Enquirer: 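Got a structure for you, written out below as structure tokens; questions coming shortly.
Start at 1 with the first residue, then count along the sequence. What you see is a predicted model, and the numbers here were worked out from it, not measured in a lab.
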Amino acid sequence: MTTTGEDHAAARPGPWWWDRWRSAVLDVSLAFVSVLECGAEGWRFAGDAGIPRAAGIVFGLLAGSALLVRRKWPIAVVLVSIAITPAQMGYLMAIVGLYTLAASELPRRIIGSLAGMSLVGQMIVMFVQLRQGAHSGDGLELGEWFVPFAAVTIAIGLTAPPLLLGLYVGARRRLMESLRERADSLERELQLLAERAEERAEWARNEERTRIAREMHDVVAHRVSLMVVHAAALQAVARKDPEKAVRNAALVGDMGRQALTELREMLGVLRSGDGGKGVRADSVPLAAVGVAAAAAASRAVDESDGPCLSELEELIGQSAAAGMVVDLTVEGDVRVYGADIEQTAYRVVQEALTNVHKHAAGAKTHVRLAHRRSEIAMQVENEPPPEVSVASSARLPSGGNGLVGMKERVAALGGVFVSGPTDAGGFRVSAVIPAA
């Protein structure tokens, strides 16, 4: 976890306004050297000015100690250095003060103004000092250009380096602080993304569980319902018509084998849902594994050999063999649709026929399939069941999930699903699915 500037400011182990003891020791050391320098220069200045030397020393000591507050009040330190510049004092204070000022968070106009004042003060003092030395009569002849050139050069040499160094250090410090904040922000975003990825993985797993449950319901419910109907019919005609009993027994065996085959295909999809790529579990985040596994399982279900509309007549034939009177009407030009569309249309008709076996055994049923320009429509409607039915003794259970599963399938493809009783006492299931 990175540490921001706020964390540094909140935890201050140093005394007073210093962040760290190391900074306090450095400032005290600089102030001590500045006090010695200003004290010595105050002694000389007092002698030249004709004032008591003790006053000059005290003045120098007080002025030099201003470096103690350079981090808290850098403007005050620079102003003090400018004020004592005419006395030719505080060169160390001027250099350190300009550096601290340039490295601070103060506006650039304030930094530029104070640096300009310090530069002008140094130029004036150096010009006067060099001019006095040039006319001191020591026998060295210098040109008139040398004094101003030397004054400007020395003033720039005392002002520009600490100013530029301070600007560089301040910019680097702000850059590091920005990088720390950006690292913290990225870390928070990564945590948020990880949480969202885990939520998406959980959602994908739940969706896949619902999808697999719907597939298994469609496979098992229809096949087993027909098997139960045939078993009931077999029980009823076993003694009266042995040949019909044999045929019913053969149908029960065929449907059982078909149900087992489809269940094996579903279980094969679940076992191969990881894609078989040999990916190490410890090299991928848990959320990514969940999303990838769910997506792989979903692709496997989509790409498996599922039912299609061409098998619809066989499906209706199985219901007819179970004793249901059912007819199929096809309208429009027959064409091939996407695998998901054909599977959904097939499952809707299959589940509707299963519901007829469960709740209206022996009722006449009409299946209509319409191929339109931009959609495919299907309708399964049964008439009221007769009073007495051979298959009525089957007592098929119902979990109440068939209609819900059909509606979810159709809605997932952007279609419309409607179901409900008819005025004649039967039941109707209708669905319209976009062809695209």
Enquirer: Drop me the distance from R108's CZ to I110's CD1, to the nearest 0.5 angstrom.
Expert: 12.5 Å
Enquirer: So, using side chain to side chain donor-acceptor pair (under 3.5 Å) as the criterion, who are the partners of E195 when residues are at least two apart?
Expert: none
Enquirer: Donor-acceptor pairs under 3.5 angstrom involving side-chain atoms of residues 328-335: please list them, not counting sequence neighbours.
Expert:
unit_1, atom_1, unit_2, atom_2, d
R335, NH1, R372, O, 3.0
R335, NH2, R372, O, 2.4
R335, NH2, R373, O, 3.2

Enquirer: Please name the pair of heavy atoms, one in E342 and one in L309, separated by the smallest distance, quoted to 0.1 Å.
Expert: OE1-N, 3.2 Å
Enquirer: Go through the structure and list residues passing salt bridge (charged side-chain N to carboxylate O under 4.0 Å, His left out) with R174, not counting sequence neighbours.
Expert: E105
Enquirer: What I'd like to find out is whether the side chain of M378 reaches to under 4.5 Å of the side chain of R368, using heavy atoms alone.
Expert: no
Enquirer: Mind jotting down which residue pairs meet the ring-ring contact (aromatic ring centres under 6.0 Å, His included) criterion with at least one end in residues 360-385? Sequence neighbours excluded, please.
Expert: Y337-H371
Enquirer: Atom OH in Y346, atom CG in L312: separation rounded to 0.5 Å?
Expert: 7.5 Å
Enquirer: Are Q350 and R347 close enough that a side-chain donor and a side-chain acceptor fall under 3.5 Å?
Expert: yes
Enquirer: Please name the pair of heavy atoms, one in I341 and one in P434, separated by the smallest distance, quoted to 0.1 Å.
Expert: CD1-O, 3.4 Å
Enquirer: Indicate every side-chain donor-acceptor pair of residues 88-104 with a distance under 3.5 Å to a residue at least two apart or in another chain.
Expert:
unit_1, atom_1, unit_2, atom_2, d
T100, OG1, R70, NH1, 2.5
T100, OG1, V96, O, 2.9
S104, OG, L101, O, 2.6

Enquirer: Checking the side chain of S81 only, and the main-chain atoms of V78 only, is there a donor and an acceptor separated by less than 3.5 Å?
Expert: yes
Enquirer: Taking only residues two or more places apart in sequence or in another chain, which ones pass salt bridge (charged side-chain N to carboxylate O under 4.0 Å, His left out) with R182?
Expert: none
Enquirer: So, S185 side chain and E181 main chain: donor-acceptor pair closer than 3.5 Å or not?
Expert: no
